[in-house]
Protein chains: 2
Amino acid sequence: MSATSAPSEVEARRTTADTVFNALREDITKMRLCPGTRLSEAEVAKQYDISRQPVREAFIRLDNLRLLQIRPQRATVVRPISREGIKRARFVRLSVELEVARLACEQYDGSADATLHQQLELQQASLEKADMTAFTQLDYSFHNQLCLAAERPHAMKVISDCKATTDRLCIPSAVYAKRTPEVLEDHREIVDRLVARDLDGLLAITREHLGRLDESLDAFQLEHSEYFED
Amino acid sequence: MSATSAPSEVEARRTTADTVFNALREDITKMRLCPGTRLSEAEVAKQYDISRQPVREAFIRLDNLRLLQIRPQRATVVRPISREGIKRARFVRLSVELEVARLACEQYDGSADATLHQQLELQQASLEKADMTAFTQLDYSFHNQLCLAAERPHAMKVISDCKATTDRLCIPSAVYAKRTPEVLEDHREIVDRLVARDLDGLLAITREHLGRLDESLDAFQLEHSEYFED
DNA sequence: ACACCCATTCTGGTATGGTAGTGTACCAGC
DNA sequence: GCTGGTACACTACCATACCAGAATGGGTGT
């Protein structure tokens with residue numbers, strides 16, 4: 001899993017290297033820099049008007065996060081996306097969300113009823129305003145609530161890491177936006193099953209819910225196979 | 001989480017920085033360097049008779065793997081172990097192994113019967129010879145076989161990463177050695193349940209199996225609380 | 001005797017110069 | 001016209017020098 005909880009994330013700018021690291025990471029994850037794009041230490045250094053050393057440090061960290069690929073004595077490129085990596089992240093997320101659902105269902109005492117229903121209303125409101133950014137945040141918040149209900153707050157970090165791996169595939173995809181109503185319906189059913197303490201039903205809808213994203217991801221892979229390594 | 005599939009692992013020595021990185025990583029994961037130990041770039045550089053730059057690069061990579069903690073303008077120390085991190089790794093492993101077991105059980109067609117039983121015999125043989133190293137490898141291999149039976153070979157990478165997080169707690173613990181007979185018994189039952197396609201039984205024994213390690217880990221945390229951050 | 005301040009000495013961070021390995025383009029030879 | 005080799009340009013890698021912030025120890029004032 002990736003090191004998204006690195007201290008550099010807390011305060012965005014401590015050193016010059018951090019600045020470059022954060023900037024490049026944003027560029028890559030937001031697909032402003034596409035996989036395969038060539039980068040050179042000297043070039044980026046000149047661009048930011050700093051020396052090559054901090055750039056090199058940023059490159060190393062991005063390489064560790066599998067966002068860059070440093071090829072010794074050759075060139076550094078934005079790392080092509082690994083289909084295996086995507087599969088793995090999806091598998092981990094499914095596994096974790098299922099266990100979270102199970103724990104939440106077993107321990108559920110109704111204390112989170114109000115919070116969950118409030119979340120659903122907020123999601124609906126954001127959809128009516130067609131505010132995708134808000135909906136994305138609410139989706140994150142919703143799954144976080146499930147983790148809290150399962151008394152496994154740290155599970156959200158894992159899910160968050162999985163999302164980080166797959167998120168950049170969703171940004172350019174308008175397919176996702178069309179499916180948000182289904183996503184909201186899923187969330188409603190998840191809450192219903194949880195409140196009813198219907199474990200089997202909850203696990204089934206959780207699978208279906210996560211499966212939707214898989215379809216969107218597959219579609220993207222077909223559209224943009226040039227971004228992938230294999 | 002960790003970058004165990006980094007290209008540096010294939011060929012252990014490509015650059016000077018790789019050499020230092022691998023050496024230090026070994027030292028830390030094998031507990032030759034205990035959490036809290038101070039390290040300085042200059043010191044290590046002198047030790048290896050190289051400049052500070054490659055050492056610095058190695059430090060950065062180890063910091064990304066959460067094995068070191070670089071504290072700017074102060075000192076670099078072997079990062080204290082995070083109890084949260086341990087919990088998270090255990091949770092992820094349990095979740096993944098459960099899903100692997102489920103898939104393996106659903107798809108099981110008996111073709112792996114011979115391989116699995118052979119694995120069990122090898123495990124027994126290594127225990128009779130009190131060869132812990134062999135048993136550890138066979139344990140890895142056994143869980144890998146389960147992933148293959150589930151047709152999720154990449155799941156083993158996740159499990160492997162989780163193990164990497166927790167393994168260094170087991171090395172100094174003699175408690176683990178005493179429990180290996182139980183581990184073998186668990187493996188036997190796992191195979192039995194799988195062959196019988198008894199899903200509920202398989203999930204139950206999988207939980208119990210992984211729970212044993214949790215107990216050992218808890219014991220270690222009580223013994224060596226000085227190695228932990230919180 | 002105690003507390004506080006300042007200098008010294010650590011630390012990691014940055015800048016720059018030089019090195020060796022790798023692609024590429026150009027030119028010679030066939 | 002095509003192929004092969006060689007020179008060149010570019011890359012990441014390493015070494016060295018310098019800088020700024022942080023800790024620490026000793027000295028001084030109270």
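In what follows, chains carry the letters A, B, and so on, assigned in the order in which the sequence lines appear, proteins first and then strands, with residues in each chain numbered from 1. Any value given below was found using the heavy atoms of this structure, including those in side chains, with hydrogens, waters and symmetry copies removed. Since the model is a prediction, treat every value here as computed from it, not as a measurement.
Protein atom CD1 of A:I50 is 16 Å distant from nucleotide atom C1' of D:dC19, rounded to whole Å. In this structure, A:I70 places its CD1 atom 12 Å from C1' of D:dT11, rounding to the nearest Å. Summarising the geometry, the separation between CZ on A:R56 and P on D:dA15 is reported as 11 Å, rounded to the nearest angstrom. Atom CZ in A:R14 sits roughly 13 Å away from atom C1' in D:dA20 (whole-Å rounding). Separating the CD atom of A:Q53 from the P atom of C:dG18 is a distance of 16 Å, rounded to the nearest angstrom. The distance between atom CG of A:L68 and atom P of D:dT11, rounded to the nearest whole Å, is 15 Å. Atom CD of B:E57 and atom P of D:dC13 are 6 Å apart (whole Å). Rounded to an integer number of Å, the gap from A:E41 CD to C:dG17 P is 16 Å.
Taking 3.5 Å as the limit, the base of D:dG21 and the side chain of B:R71 contain no donor-acceptor pair of atoms between them.
Distances shorter than 4.0 Å separate none of the side-chain N or O atoms of A:T76 from OP1 or OP2 on D:dT11. Listed pair A:S51 / C:dT14 fails the phosphate criterion, with no side-chain N or O lying under 4.0 Å from OP1 or OP2.
With a 6.0 Å radius and a threshold of 12 heavy atoms from other residues, nucleotides or ligands, A:R38 has its CZ atom at or below the threshold.
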Produce the list of close N/O pairs, under 3.5 Å, pairing protein atoms with atoms of nucleotides 7-10 of chain C; give distances to one decimal.
none

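Going from atom CG of A:L65 over to atom CG of A:D161 covers 9.5 Å, rounded to the nearest 0.5 Å.
Between the side chain of A:S225 and the main chain of A:L222, no donor-acceptor pair closer than 3.5 Å is present. Between the side chain of B:N22 and the main chain of B:D18, a donor-acceptor pair closer than 3.5 Å is present.
The B:P54 side chain lies nearest to D:dA15 when the options are D:dA17, C:dG17, D:dA15. Of the candidates C:dT14, D:dC14, C:dG13, C:dT14 carries the atom nearest the A:T16 side chain, counting heavy atoms from C-beta on.
Ring geometry for B:H187 against B:H143 counts as perpendicular: the plane angle is over 60°, on a 0 to 90° scale with 30° as the lower cut. In this structure, B:H224 and B:F220 have tilted ring planes: the angle between them lies in the 30° to 60° band.
Ion pair B:R212/B:E215 not flagged as a salt bridge, since none of the NZ, NE, NH1 or NH2 atoms sits closer than 4.0 Å to an Asp/Glu carboxylate oxygen.
Nucleic acid contact class of A:L39 (heavy atoms, under 4.0 Å, all strands): sugar-phosphate only.
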